[in-house]
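Down below is the structure, laid out as structure tokens.
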Amino acid sequence: MKKILISFLFAFIFFSSAYPQSVRYIIPDSGYQGTNFPVTIIGDATEWMASNYFQIFFDSTGVTADFIDSTNVPNDTTIYTTIHISGKAVTIPRTIFVLDKFNNTYKRDSALKVLLSLPSIPVLILPPDNATNQLQYVTLLWDSNAYAASFRIQISADSTFSTTYFDSSVANTPLQMPPGFLQLGTKYFWRVNATNIMGTSEWSGIWDFTIRTIGVKQISSEIPNSFKLLDNYPNPFNPNTIIRFQIKDTRFVSLKVYDLLGKEISILVNEKKSPGIYEVNFNGSNFASGVYFYRIQTGDFMQVKKMLLIK
């Protein structure tokens, strides 16, 4: 009977949820965006040494903590861990949740304050690095950052940026270059940084893209009596083919190329055009042999045709 009573008391001490389950505070209780730092979590009336691991969470994305084993628990009311705050974490007080192996949850509201830092270095997204056959009015896309007041974009014909064709600040991503600003058949390098009230980030990595060698060419100003997508020539082709289309009034025209799975692989036209007959070159040197589709859409008119690339 005595052994049973001892066992019962042991279980009660280590597993009972009758104890107040809370976190008193963490030290330090604040940290800057984009930093990692050690913290001490202080609990109240806990039995943390009974658990050989802990998981720590916060009530919003952007803040995480290391998984904790018993080596980081020196006594029943203390846990050591490292907190990681992302460069874009929202600057609001965070609630901390400490979970032990017995499914007990220890909580503290507004335990950690995230402080504003320099904006994180932008990450370039589109066009992909080393992209070819790009439109002259290429769209530049990088990751957004709610805490950046502006982004500075530089475009140069050399990777050292000794001279720049474009150097300007914009409020947000993306940026579409104006038609005709970039030259056909030219390789360009670009980079972005971000600024807020705390200062300016370092430059992003440097990516490059190449503008296609042939642009959209108007071959006739005669006003057609209908919208039409013409057969490409030659077909089959390797690696270049000409695609012609005609429009009867001023419209925004989209002409895109797709693979057999319906994946968009190239944008040939994506702008407003006046009435006339046009042609554009499609270069398939970066694509495998096979069947491809090209589709024109302008207003409620849409037409699709098939072409064959043979290498």
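Side-chain contact check for Y147 and S120: no donor-acceptor pair (N or O, by modelled atom type) lies under 3.5 Å.
Here T200 pairs with T195 under the side-chain hydrogen bond (donor to acceptor under 3.5 Å, both in side chains) rule; sequence neighbours left out. Judged as a side-chain hydrogen bond (donor to acceptor under 3.5 Å, both in side chains), and not counting sequence neighbours, the contacts of T71 are D69.
Ring centroid separation for the pair Y294 and F282 does not come in under the 6.0 Å cut-off. For Y106 and F97, the ring centers sit 6.0 Å or farther from each other. Aromatic pair F166/W190: centroids not less than 6.0 angstrom apart. Within the 6.0 Å centre-distance limit, the rings of Y278 and F245 are counted as a close aromatic pair.
The hydrophobic cluster around I206 extends to F161, F189, counting ILVMFWY residues whose side-chain heavy atoms fall within less than 4.5 Å of a member. Other members of the cluster containing I223 do not exist, because no ILVMFWY side chain is joined to it at under 4.5 Å.
Residue pairs meeting the salt bridge (charged side-chain N to carboxylate O under 4.0 Å, His left out) criterion with at least one member in residues 289-310, sequence neighbours excluded: D231-K305. Residue pairs meeting the salt bridge (charged side-chain N to carboxylate O under 4.0 Å, His left out) criterion with at least one member in residues 121-130: none, sequence neighbours excluded.
Y292 and V257 get closest at one heavy-atom pair: CB-CG1, 4.2 Å.
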